[in-house]
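Note sheet for the following structure.
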Amino acid sequence: MISFVWAEDKNHTIGVDGHLPWTLPADMKRFKETTMNHPIVMGRKTFESFPNGPLPKRLNIVISRNKDYQVPESVVLITDKADLKKYVQEDAEVMVIGGSGIFNLFKDDVDRLYLTRINHEFKGDTKMIDLDYKKFKLVEKKEGHTDKDNLYPYTFETWDKL
Ligand SMILES: NC(=O)c1ccc[n+]([C@@H]2O[C@H](COP(=O)([O-])OP(=O)(O)OC[C@H]3O[C@@H](n4cnc5c(N)ncnc54)[C@H](OP(=O)(O)O)[C@@H]3O)[C@@H](O)[C@H]2O)c1
């Protein structure tokens, strides 16, 4: 199955200047817990946004139109989403982690949404794509706790395809 994992602000902003617009460790923790031990699929720019290279304990699959794009040995490069099945098991939960072009590419395939809504407005240049939430059911909603490290109000939501 295909799941989307992302965080967006009040205006559906997800990125700025090649990185996240916010610092929210609680969301990083949820992202880690959600994606751990699952294959993660991302666009080339999102891959390049990781400060420490590929994310550990997850098969990192990068999508680029450039078949010569160089990735570390542990990372899989694909140029066509049809190639995904060569690298993931049929029963795997494949975590598509963005950015917007990649969410768009898998829009018709997605079964589950792991969304963090951040109740704040940030400057940004990348937005989440429009999703038809009528086709999904909210199965979990958890208010986040703000503290000195997590300054913005946020909610974790999980939606399953009807
Ligand atoms: N808030 C969040 O949850 C979240 C999640 C992910 C990313 N982000 C942020 O979003 C920004 C990056 O996202 P982005 O949308 O600009 O870029 P992206 O989706 O990460 O990467 C775009 C690249 O993916 C490749 N690509 C896209 N569509 C393709 C297709 N149909 N076939 C083959 N390759 C394709 C292309 O690579 P080539 O140019 O190499 O061909 C394209 O330039 C950053 O600021 C990042 O921090 C935020």
Side-chain angles (χ1 to χ4, degrees), residues 2-36 38-56 58-72 75-88 93-131 133 136 140-142 144 146 149-159:
I2 301 275
S3 298
F4 284 2
V5 189
W6 81 103
E8 63 176 48
D9 82 351
K10 275 170 110 165
N11 301 316
H12 311 291
T13 294
I14 63 166
V16 68
D17 296 336
H19 54 76
L20 296 176
W22 46 78
T23 300
L24 198 60
D27 181 53
M28 298 304 284
K29 184 168 177 277
R30 193 220 193 195
F31 175 85
K32 189 173 172 187
E33 286 166 1
T34 306
T35 58
M36 191 52 76
H38 296 285
I40 53 175
V41 178
M42 73 206 90
R44 190 260 308 162
K45 291 182 186 171
T46 295
F47 179 66
E48 289 182 357
S49 77
F50 298 157
N52 303 315
L55 301 186
R58 284 149 280 190
L59 175 63
N60 287 226
I61 301 172
V62 177
I63 307 190
S64 168
R65 292 189 179 86
N66 175 6
K67 64 175 178 28
D68 298 321
Y69 181 66
Q70 294 297 307
V71 290
V75 173
V76 167
L77 175 75
I78 60 174
T79 55
D80 187 329
K81 81 171 183 182
D83 292 338
L84 195 56
K85 60 177 181 299
K86 292 186 197 159
Y87 300 100
V88 300
E93 183 176 2
V94 177
M95 303 296 189
V96 173
I97 63 165
S100 54
I102 302 310
F103 288 130
N104 204 38
L105 194 58
F106 288 94
K107 194 179 174 166
D108 296 329
D109 309 302
V110 64
D111 304 294
R112 182 176 289 164
L113 312 173
Y114 297 100
L115 157 62
T116 304
R117 285 188 200 277
I118 303 174
N119 194 14
H120 195 85
E121 287 179 66
F122 295 87
K123 265 203 204 117
D125 53 28
T126 313
K127 289 205 185 252
M128 185 54 187
I129 59 163
D130 284 332
L131 290 169
Y133 285 92
F136 295 85
E140 190 175 59
K141 185 171 174 172
K142 248 176 149 166
T146 51
D149 299 319
N150 297 278
L151 297 176
Y152 318 106
Y154 58 97
T155 311
F156 296 137
E157 296 180 0
T158 307
W159 296 72

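We're numbering straight along the sequence, starting at 1. Atoms within a ligand are numbered from 1 in the order they appear, just like the ligands themselves. Side chains included, hydrogens not; waters and symmetry mates left out as well; all remaining heavy atoms used.
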Shortest non-hydrogen contact between Arg58 and Lys32, atoms and distance: NH1-CA, 4.0 Å

Atoms in ligand 1 flagged as close to Leu20, the criterion being non-hydrogen separation under 4.0 Å: 1 (N), 2 (C), 4 (C), 47 (O), 48 (C)

Nearest-contact summary for atom 2 (C) of ligand 1 - protein heavy atom, Å: Ala7 O, 3.5 Å

Distance flag, aromatic centroids of Phe106 and Phe4, threshold under 6.0 Å: no

Closest non-hydrogen atom pair, Lys123 against Pro21: O-CB, 3.8 Å

Polar atom proximity, Gly15 to ligand 1 (N or O, under 3.5 Å): no

Protein contact to atom 25 (C) of ligand 1 [nearest heavy atom, distance to 0.1 Å]: Ile63 O, 3.3 Å

Closest approach of Trp22 to Thr13 (non-hydrogen atoms, all atoms of both residues): CH2-O, 3.3 Å

Contact partition for His19 relative to ligand 1, non-hydrogen atoms under 4.0 Å: backbone

Heavy-atom nearest option to atom 31 (N) of ligand 1, drawn from Ile102, Val5, Val96, Leu105: Leu105

Protein heavy atom at shortest distance from atom 7 (C) of ligand 1: Thr46 OG1, 3.2 Å

Ligand 1 contact by Phe122, heavy-atom criterion under 4.0 angstrom: no

Nearest option to atom 48 (C) of ligand 1, as decided by whichever heavy atom of Asp9, Ile14, Leu77 sits closest: Ile14

4.5 Å side-chain heavy-atom contact, Thr35 and Leu55: no

Location of contacts on Thr79 toward ligand 1, heavy atoms closer than 4.0 Å: backbone

Under 4.0 Å to a heavy atom of Arg44 - the qualifying atoms of ligand 1, by number: 21 (O), 23 (C), 24 (O), 37 (O), 38 (P), 39 (O), 40 (O), 43 (O)

Residue Val16 vicinity, atoms of ligand 1 by number, heavy atom under 4.0 Å: 45 (O)

Mutual orientation of the aromatic rings belonging to Tyr152 and Phe122 [parallel < 30°, tilted 30-60°, perpendicular > 60°]: perpendicular

Atom of Tyr154, atom of Ala26 and distance for their closest heavy-atom approach: OH-CB, 3.1 Å

Shortest non-hydrogen separation from Ile97 to Met42 and the atoms involved: CG1-CB, 3.7 Å

Atoms of ligand 1 close to Trp6 [distance to a heavy atom under 4.0 angstrom, numbered from 1]: 3 (O)

Within 6.0 angstrom of Asp80 CG, more than 12 heavy atoms from elsewhere: yes

Nearest neighbour in protein (non-hydrogen) for atom 30 (C) of ligand 1: Arg65 NH2, 3.5 Å

Stepwise side-chain hydrogen bond (donor to acceptor under 3.5 Å, both in side chains) check, Tyr114 with Glu33: CA-CA 11 Å; Tyr114 297 100; Glu33 286 166 1; over 6 Å; no

Greater than 12 external heavy atoms within 6.0 Å of Met28's CE: no

Atom 6 (C) of ligand 1 [closest protein heavy-atom partner, distance rounded to 0.1 Å]: Ile97 O, 3.0 Å

Shortest protein contact, atom 13 (O) of ligand 1 (heavy atom only): Gly99 CA, 3.6 Å

Residue of the set Val76, Val96, Ile2, Ile63 for which side-chain contact (heavy atoms from CB on, under 4.5 Å) holds with Leu84: Ile2

For Trp22, the ligand 1 atoms whose distance to one of its heavy atoms is below 4.0 Å: 1 (N)

Lys45 side chain to Gly99 backbone, donor-acceptor under 3.5 Å: no

Close-contact set for ligand 1 against Ser100 heavy atoms, below 4.0 Å: 15 (O), 19 (O)

Any Met42 heavy atom less than 4.0 Å from ligand 1: no

Protein residue, atom and distance nearest to atom 11 (C) of ligand 1, heavy-atom basis: Thr126 OG1, 3.9 Å

Atom 16 (O) of ligand 1 - nearest protein heavy atom and its distance: Lys45 CD, 3.8 Å

